[in-house]
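To start, the structure under review is shown below, and the notes come after it.
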Amino acid sequence: MKGFNFPGGYIPADHKAEFAKSSSKPVKSLFKPAYTNVRIKPAKNRPEKTPPNETSEASTKKPLRYLATRSLLLACGLATLGNLPVYSMINTSDSGKIINLTDPLLEGNSPAQVIKTLNLPAVAVESFSGYALDILPDVTQGSWSMHTIDADDTLASILSELELTKTSEKLLKDSAIKQTLNTLKTDGRVFTQVVDGNLQQLIYAKNKSETYIVSATDDGYLGKWESNALESRNAKIAFTIKHSILRDGKDAGLSTSLIRQISQVFQKDVDVNKSAKVGDKVGVIFEDFRYQGESIYTDKVLAAEYTTRKTTYQRIRFTLGEGKTDYFRPDGDTELKRAAFDRKPLTDGRLSSGFGMRNHPVFFLRKNHAGTDFAAPRGTPIHATADGVVKEMGRLGGYGNLVELRHSDNITTRYGHMSAFNTEFKPGSQIKRGDVIGYVGSTGTSTGNHVHYEFRVNGEPQNPMAVELPQVGIMSAEEMQTFKNRASAMVQELADLRKLASADQSGRNQNGG
């Protein structure tokens, strides 16, 4: 049989025309095998031809490998391209000069060479990413109260006043909280936040900087020490009265407690509740406690001013060395003095017999009564009405058990009919105003339990209820200087507040009131 040689095999002659015809056509597909009906003689050492069905199956897998390979190459190319530096350019004001941001030879003042030092912490800081943060209760919820710690106060007694006895038991179950709050420092403060009858937070302010904060959690209470968590500051508010001090004060931001204090501060000067008129101005400086940026408790008024159309009244809070606190006029020198004597020697007692002529209850004769009698139950404490020295202490005729004190300016006082003396004192002892020198009784010429009190000047009895009493300074020289310095600063702040109140009035008038 005739034929012709073909690379890779021999084709018979009777297939020549068919081969020529098929070879002139373009390849329609890279994946479909051509000449499936052509028999090619295998070359020597060439492996046997794969059966047609196996060839077709292998050829079908070929495009899948092709696509997978190309996809892998494309992905690698894109990844490589993403790690290549991008050369950006910016124009500068220097004649439109173009510079590359990645150029290492940039000058230090180049707009592209801007280096900033980040203020990063030296150690890792807890954040929302990767750390669990304590979520504190909202301080604006419920109500806050404050208690100043006395010498005999305990956590249980403080919470008992707030009707939180069960809360006290829960708190003390935590050993750390119990140990910390077992001893409370006198004059410290305890702030409590109560929401729906439950304690949410408790702040024990040991001093101005040290605070122990207890917060409610799902598992009970958690306590920890914090520094400067509680801020105490002097807050200021000024307003003009348009309706009433209560309504306008609340609109300005004052609590009911502060408005009540203002009324008490000026009770000796003006009745701000009944006599307040439209246009009167009020300025107040008060103590404000803030926690987590919020005001949680407003305490005492530190200074206040009330201005009418004719007069301006000012009062400054000051605590004396003996612990008594009052509100004084900054310019009131006469007010900074007080009577050197009390009018009566009992805290409680009824005036049973006055000074002067009377019918004697025992002798039934009209005689002069040299003092005043105050009836009280037997054993009631009798107080010295002024500073002095014990002159006499013993039994004296109709006086019964008597104590006589000697004071300055040739003044003496007598206290008769005592049931007993205070054995801490004896003749020559120094006595302070208010000291207990004995107890009410009915010794001597007496018809019932009472104390006979005499006030003598140069040995002559005077009416204790009417005599002009000598005045003494209520402050020491050191206290007076401290008060004057404080009053001067407060007066200036009150003057600034008066301007704010005037501006408030002007602004509201312009807006139609």
Side-chain angles (χ1 to χ4, degrees), residues 187 234 261-262 264-270 284-285 287 300-306 311-347 371-372 381-391 403-415 422 424-425 428-437 453-495:
D187 294 330
N234 292 350
Q261 287 184 56
I262 293 172
Q264 294 172 350
V265 165
F266 294 109
Q267 62 183 351
K268 297 178 182 178
D269 306 305
V270 59
V284 58
I285 303 172
E287 194 172 29
K300 48 187 171 288
V301 170
L302 302 177
E305 178 180 277
Y306 190 89
T311 310
T312 295
Y313 303 98
Q314 294 178 331
R315 291 280 171 174
I316 310 298
R317 179 186 175 94
F318 189 75
T319 301
L320 303 174
E322 60 189 27
K324 182 179 180 180
T325 298
D326 207 342
Y327 290 87
F328 304 101
R329 296 200 311 267
D331 58 346
D333 290 339
T334 57
E335 189 186 43
L336 299 181
K337 295 181 179 181
R338 63 179 176 181
F341 289 80
D342 294 325
R343 293 287 183 182
K344 60 181 184 177
L346 300 180
T347 302
T372 53
I382 299 172
H383 302 274
T385 57
D387 295 349
V389 177
V390 177
K391 182 180 179 182
V403 171
E404 183 174 3
L405 302 181
R406 182 174 64 250
H407 310 279
S408 60
D409 299 326
N410 294 321
I411 297 174
T412 56
T413 55
R414 287 183 172 184
Y415 311 80
N422 185 345
E424 293 182 6
F425 302 118
S429 296
Q430 294 287 335
I431 299 294
K432 291 292 183 181
R433 184 178 187 172
D435 284 347
V436 175
I437 55 176
Y453 174 61
E454 289 186 15
F455 185 94
R456 294 174 173 244
V457 179
N458 295 320
E460 294 293 328
Q462 306 291 326
N463 184 353
M465 307 301 290
V467 68
E468 183 177 353
L469 299 174
Q471 299 289 306
V472 293
I474 63 174
M475 301 180 187
S476 65
E478 184 179 355
E479 288 177 328
M480 180 69 73
Q481 187 60 48
T482 301
F483 172 76
K484 288 294 185 182
N485 292 340
R486 180 177 302 177
S488 177
M490 290 292 186
V491 166
Q492 182 59 51
E493 293 187 47
L494 291 172

Drop me the distance from [X]'s [atom1] to [Y]'s [atom2], to the nearest 0.5 angstrom.
X      : Y      : atom1 : atom2 : answer
His407 : Lys391 : NE2   : NZ    : 10.5 Å
Met475 : Leu320 : CE    : CG    : 5.5 Å
Ile431 : His383 : CD1   : NE2   : 12.5 Å
Leu469 : Arg343 : CG    : CZ    : 3.5 Å
Asn458 : Asn410 : CG    : CG    : 4.5 Å

Qualifying residue, where the test is side chain to side chain contact (heavy atoms under 4.5 Å, CB included) with Glu305 and the options are Ile316, Val265, Thr312: Thr312
Test side chain to side chain contact (heavy atoms under 4.5 Å, CB included) applied to Phe455 and Thr412, Thr413, Thr385, the passing residue: Thr413
Please list, chain by chain and in numerical order, all residues satisfying salt bridge (Lys or Arg N to Asp or Glu O under 4.0 Å) with Asp342, sequence neighbours excluded. Arg433
Side-chain contact, heavy-atom cut-off 4.5 Å: [X] with [Y]?
X      : Y      : value
Arg317 : Thr325 : yes
Val467 : Phe341 : no
Ile411 : Pro470 : yes
Leu405 : Val389 : no
Tyr453 : Leu346 : no
Gln261 : Tyr327 : yes

Before giving the answer on side chain to side chain contact (heavy atoms under 4.5 Å, CB included), spell out for Val403 and Arg414 the whole-Å C-alpha distance, their side-chain angles and the decisive distance to 0.1 Å. CA-CA 6 Å; Val403 171; Arg414 287 183 172 184; over 6 Å; no
Between [X] and [Y], what is the shortest heavy-atom contact and its length?
X      : Y      : result
Ala340 : Ala386 : O-CB, 3.2 Å
Glu479 : Ile474 : OE1-O, 4.0 Å
Ala384 : Tyr415 : CA-OH, 3.8 Å
Asn422 : Val436 : ND2-O, 2.6 Å
Gln430 : Phe425 : O-CE2, 4.0 Å

Can we say Asp269 and Arg329 salt-bridge, meaning some charged N sits less than 4.0 Å from an Asp/Glu carboxylate O? no
I'd like to know whether Asn463 forms a side chain to side chain contact (heavy atoms under 4.5 Å, CB included) with Thr372, so could you lay out the CA-CA distance, the side-chain angles of the two residues, the decisive distance to 0.1 Å, and finally the verdict. CA-CA 8 Å; Asn463 184 353; Thr372 53; 4.2 Å; yes
Take a 6.0 Å sphere around NZ of Lys300 and say whether it holds more than 12 heavy atoms from other residues, nucleotides or ligands. yes
NZ/Lys484: more than 12 non-hydrogen atoms of other groups inside 6.0 Å: yes
Look at the rings of Phe266 and Tyr306 and say which category their plane angle falls in: under 30° parallel, 30 to 60° tilted, over 60° perpendicular. tilted
